[in-house]
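Structure first, commentary second.
Please read these numbers as outputs of a predicted model, since none were measured by experiment. Note that these values count all heavy atoms, side chains included, but never hydrogens, waters or copies made by symmetry. Chain A is the first sequence line, chain B the second, and so forth, proteins listed ahead of strands; every chain is numbered from 1.
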Number of protein chains: 2
Amino acid sequence: MARRPLTNPRKHATQERSRATVDALVEATARILVKEGFDKASTNRIAQKAGVSIGSLYQYYPSKEALVAAVVDRHHQELMQIIRDALAEVAALPLEDAVRRLVTVAIEAHRIDPRLHRVVAEQIPRTGRLENVGAFNQETFALFRAYLERHRDELRAVDLGLAAFVCVTSIEALTHTAVLHRSDILSDEAVDTLVDEATRLVVGYLR
Amino acid sequence: MARRPLTNPRKHATQERSRATVDALVEATARILVKEGFDKASTNRIAQKAGVSIGSLYQYYPSKEALVAAVVDRHHQELMQIIRDALAEVAALPLEDAVRRLVTVAIEAHRIDPRLHRVVAEQIPRTGRLENVGAFNQETFALFRAYLERHRDELRAVDLGLAAFVCVTSIEALTHTAVLHRSDILSDEAVDTLVDEATRLVVGYLR
DNA sequence: ACATAATGCGAGCTATAGCTCATATTGTCT
DNA sequence: AGACAATATGAGCTATAGCTCGCATTATGT
């Protein structure tokens with residue numbers, strides 16, 4: 001296996017000024033990745049676009065990969081928060097309502113910044129953040145599983161861990177693929193149909 | 001958008017000897033990608049491992065990306081053939097039998113060489129082969145849709161194009177994710193359960 | 001105000017990746 | 001056998017990416 005470069009930030013910035021620098025670097029990295037692709041995202045270019053010197057860049061991030069990883073992590077934090085909120089929101093709703101809402105939220109989340117989402121998905125293997133993604137998914141599985149446990153009376157007999165895997169993976173794939181490769185399915189009228197179908201898929205499976 | 005390097009082969013090799021050269025190059029690229037990762041796959045290294053001079057490499061492939069694209073394409077051809085065969089095989093089977101068989105085949109296909117499969121999945125964005133993947137999926141959708149048309153009497157009223165999208169995307173995601181990230185679900189005993197669940201998901205949705 | 005720490009700077013070094021081209025070898029055809 | 005095309009070779013050029021380091025500037029605390 002290839003040895004990966006370090007991807008953790010170097011210092012923890014304490015002053016206001018330096019936090020701004022760090023933010024600018026991550027933001028610039030994201031913008032360049034989206035607009036110009038990974039290859040154009042050289043450290044010099046990132047520093048330039050961030051309005052920061054190359055020296056400062058290396059004070060906070062030990063490598064280009066670390067910056068990309070920061071972008072990936074930031075995006076994942078945002079997504080996880082959306083998922084947590086959504087699952088808290090639907091905790092008491094009956095199965096079908098809950099699933100429908102979750103599917104809708106998933107589509108909305110993917111639509112916030114599809115280009116960044118695509119880039120993040122593409123860059124994950126490079127960042128050595130695959131394990132993090134594993135953890136990320138684990139949390140989602142666990143949260144959804146908790147919902148299922150609470151609503152066990154609405155379900156058929158089924159291993160809840162496995163069911164959570166099946167449902168979450170399917171919903172994620174459908175929304176992800178639709179947003180990134182099938183914008184035709186997502187016209188304002190068509191979205192509702194997709195939501196209906198995904199809901200039916202999951203609900204039909206669970207009971 | 002970033003301009004991508006050319007990814008098409010340069011000349012078409014006619015003699016026996018040169019075809020061997022080309023094969024060795026693609027094979028070496030695949031091996032290096034799997035064992036050492038994209039960064040270590042320099043053109044010099046590929047040529048060396050293929051037992052071919054760097055000059056010869058550039059006679060057939062204009063860039064490193066072209067070689068990676070060749071690996072991706074080759075893998076996709078193989079997968080598509082498996083899918084075509086499987087769908088031909090189940091064409092006359094009733095819904096549940098057909099789906100169960102397809103899910104099984106999908107898992108088997110992913111298991112042939114999981115590490116290569118993972119690498120290919122990771123490298124697709126870099127190769128500019130996303131459109132090809134689109135086409136690849138289009139064909140799969142079309143083939144499965146044809147099956148659905150033939151068995152319409154077993155299905156509820158549903159847009160077959162959309163249904164094909166939902167089913168194929170779900171099956172692909174479940175098998176892909178299970179093989180790459182959840183080997184626990186794929187122990188010899190557990191596979192059957194996964195097959196059952198995936199089958200139930202899809203069949204329940206379709207009727 | 002001064003000392004000390006935190007942050008910022010950017011010219012320039014090192015390494016290596018991608019690639020070319022002049023030349024040599026091997027195959028094909030008559 | 002000779003001529004022409006196809007294929008193979010690898011030393012070495014060019015460009016640029018990643019990164020360091022010595023020094024300048026700005027903040028903090030007393």
* To do: Give, ordered by number, those residues of residues 44-54 of chain B having at least one heavy-atom distance below 4.0 Å to an atom of DNA chain C; if nothing qualifies, reply none.
  => B/Asn44, B/Ile54

* So do the side chains of B/Leu174 and B/Leu201 get within less than 4.5 Å of each other, counting heavy atoms only? -> yes

* **Atom-to-atom span, CD1 of A/Ile32 to P of D/dA17 - whole angstrom** => 12 Å

* Okay, side chain of A/Ser187, backbone of A/Ser183: is any donor-acceptor separation there less than 3.5 Å? -> no

* To do: Check the angle between the aromatic planes of A/His76 and A/Phe136 and answer parallel, tilted or perpendicular using the 30° and 60° thresholds.
  => parallel

* A/Arg200 charged N/C atom sitting above B/Tyr205 aromatic ring, 6.0 Å / 45° -> no

* May I have the distance from A/Arg19 (atom CZ) to D/dT26 (atom P), rounded to whole angstrom? => 19 Å

* Tell me: OH of A/Tyr61 to P of D/dA17, nearest whole Å? -> 21 Å

* Compare all side-chain heavy atoms of B/Gln123 with those of B/Arg118 and state whether any distance is below 4.5 angstrom. => no

* Rounded interatomic separation in angstrom, taking CG from A/Leu57 and P from D/dC21 -> 16 Å

* To do: Give a yes/no answer on whether the side chain of A/Thr43 brings an N or O atom under 4.0 Å of OP1 or OP2 in D/dA17.
  => no

* Asked: Who pairs with A/Asp73 by side chain to side chain donor-acceptor pair (under 3.5 Å), at least two apart in sequence or on another chain?
  -> A/Arg129

* Send over the distance from B/Phe38 CZ to C/dG18 P, rounded to a whole Å. => 8 Å

* Structure fact -> From CG of A/Asp39 across to P of D/dA15 the rounded distance in Å is 19 Å

* Asked: When you check the phosphate oxygens OP1 and OP2 of D/dA8, does a side-chain N or O of B/Thr21 lie under 4.0 Å from one of them?
  -> yes

* **Whole-Å distance separating the CG atom of B/Leu67 from the C1' atom of C/dA17** => 14 Å

* Can you tell if the side chain of A/Glu122 reaches within under 4.5 Å of the side chain of B/Glu122, non-hydrogen atoms only? -> no

* Between B/Asp23 (CG) and D/dT7 (P), how many Å, whole number? -> 14 Å

* Grab the two heavy atoms, one from B/His75 and one from B/Leu116, that are nearest each other, plus how far apart they are. => ND1-CD2, 3.8 Å

* Asked: Any side-chain heavy-atom pair from A/Met80 and A/Leu143 closer than 4.5 angstrom?
  -> yes

* Structure fact -> Protein heavy-atom contacts under 4.0 Å, written 5' to 3' over nucleotides 21-30 of chain C as B (base), S (sugar-phosphate only) or - (none), form the string -----BSS--

